[in-house]
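Below: the structure, in structure tokens.
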Amino acid sequence: MPRSNVDIVKAILDNPTDLDSVKALVAPDATYVSLNYDNPELQRLMPWAGTQIGPEAIVSTYERVGRYWKNEGFEIGDIFESGENVAVFGRFTYRSTTVGRSVTSPFAILAKVRDGKVAYMQFMEDTFATASTFRVGGTASYRADPEGGEVEA
């Protein structure tokens, strides 16, 4: 029985660290974008961030995320498809394994399914919040408001 594109993406999210399962659902040359396309500074904190190729990229990302954080809840709120595109929206709560700080973040996934396999997947979250779970000290100054001053965080 053919699976819907939503079913394919859900099956990956149900068990993203099982390489055999992910390989069955993801094209060998699939593009996986985690958090951004290429940000070396973020990769220093989250080495899986960026663009990678193949099912192994998905498995490796979720395995490393599992070492950096304890998953205290991953909930899909909405998932739907339009043609080859699948959109997933939800929230997760992670607790850093090093500092013990937790965060709840929204997430969004865009997947493109072609010929029954994911050919593209992009995962986005609130990286400012998730990175803060590793913070052990110091401040940074920001100037975002063109009419305002600096803000320290």
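Along the sequence shown, residues are numbered consecutively beginning with 1. Bear in mind that the values here come from a model prediction, so they are computed numbers and not experimental data.
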Salt bridge (charged side-chain N to carboxylate O under 4.0 Å, His left out) with Arg114: which residues, sequence neighbours excluded?
Glu84
Work out which heavy atom in [X] is nearest to a heavy atom in [Y]; give both atom names and the distance.
{"X": "Ala57", "Y": "Gln52", "value": "CB-CB, 3.4 Å"}
{"X": "Glu152", "Y": "Ser141", "value": "OE2-OG, 3.4 Å"}
{"X": "Pro16", "Y": "Val22", "value": "O-CG2, 3.7 Å"}
{"X": "Ala11", "Y": "Arg3", "value": "CB-NH1, 3.8 Å"}
{"X": "Glu81", "Y": "Ser4", "value": "OE1-CB, 3.6 Å"}
{"X": "Leu42", "Y": "Thr127", "value": "CD2-CG2, 4.3 Å"}

Hydrophobic clustering (ILVMFWY, side-chain heavy atoms < 4.5 Å, transitive) - are [Y] and [X] grouped together?
{"X": "Phe74", "Y": "Leu110", "value": "no"}
{"X": "Tyr32", "Y": "Leu25", "value": "yes"}
{"X": "Val113", "Y": "Val33", "value": "no"}
{"X": "Val9", "Y": "Phe107", "value": "yes"}

Nearest-0.5 Å distance, [atom1] of residue [X] to [atom2] of residue [Y]:
{"X": "Thr51", "Y": "Leu35", "atom1": "OG1", "atom2": "CG", "result": "10.5 Å"}
{"X": "Ile12", "Y": "Asp18", "atom1": "CD1", "atom2": "CG", "result": "11.5 Å"}
{"X": "Ser102", "Y": "Phe92", "atom1": "OG", "atom2": "CZ", "result": "11.5 Å"}
{"X": "Asp7", "Y": "Asp14", "atom1": "CG", "atom2": "CG", "result": "10.0 Å"}
{"X": "Asn39", "Y": "Ser34", "atom1": "CG", "atom2": "OG", "result": "11.5 Å"}

Residues that, via side-chain heavy atoms closer than 4.5 angstrom, fall in one hydrophobic cluster with Phe89:
Phe80
Residues sharing Val99's hydrophobic cluster, by side-chain heavy-atom contacts under 4.5 Å among ILVMFWY, directly or via others?
Val136
Does a side-chain heavy-atom distance below 4.5 Å link Thr31 with Ile53?
yes
Is any side-chain heavy atom of Lys10 closer than 4.5 Å to a side-chain heavy atom of Val88?
no
With distance as the sole test, does [X] use its side chain to make a donor-acceptor pair with the main-chain N or O of [Y] at under 3.5 Å?
{"X": "Asn36", "Y": "Ala49", "result": "no"}
{"X": "Arg91", "Y": "Thr104", "result": "no"}
{"X": "Ser82", "Y": "Asn85", "result": "no"}

Restricting to pairs with a member in residues 53-74, which pass side chain to side chain donor-acceptor pair (under 3.5 Å), not counting sequence neighbours?
Ser60-Arg64, Trp69-Thr133, Glu72-Arg95
Would you please name every residue forming a side chain to side chain donor-acceptor pair (under 3.5 Å) with Glu41, sequence neighbours left out?
none
Listing, residues 115-126 side-chain donor-acceptor contacts under 3.5 Å, not counting sequence neighbours, or none:
unit_1: Lys117; atom_1: NZ; unit_2: Lys23; atom_2: O; d: 3.3
unit_1: Tyr120; atom_1: OH; unit_2: Gln122; atom_2: OE1; d: 3.2
unit_1: Glu125; atom_1: OE2; unit_2: Thr130; atom_2: OG1; d: 2.7
unit_1: Asp126; atom_1: OD1; unit_2: Phe128; atom_2: N; d: 3.3
unit_1: Asp126; atom_1: OD1; unit_2: Ala129; atom_2: N; d: 3.1

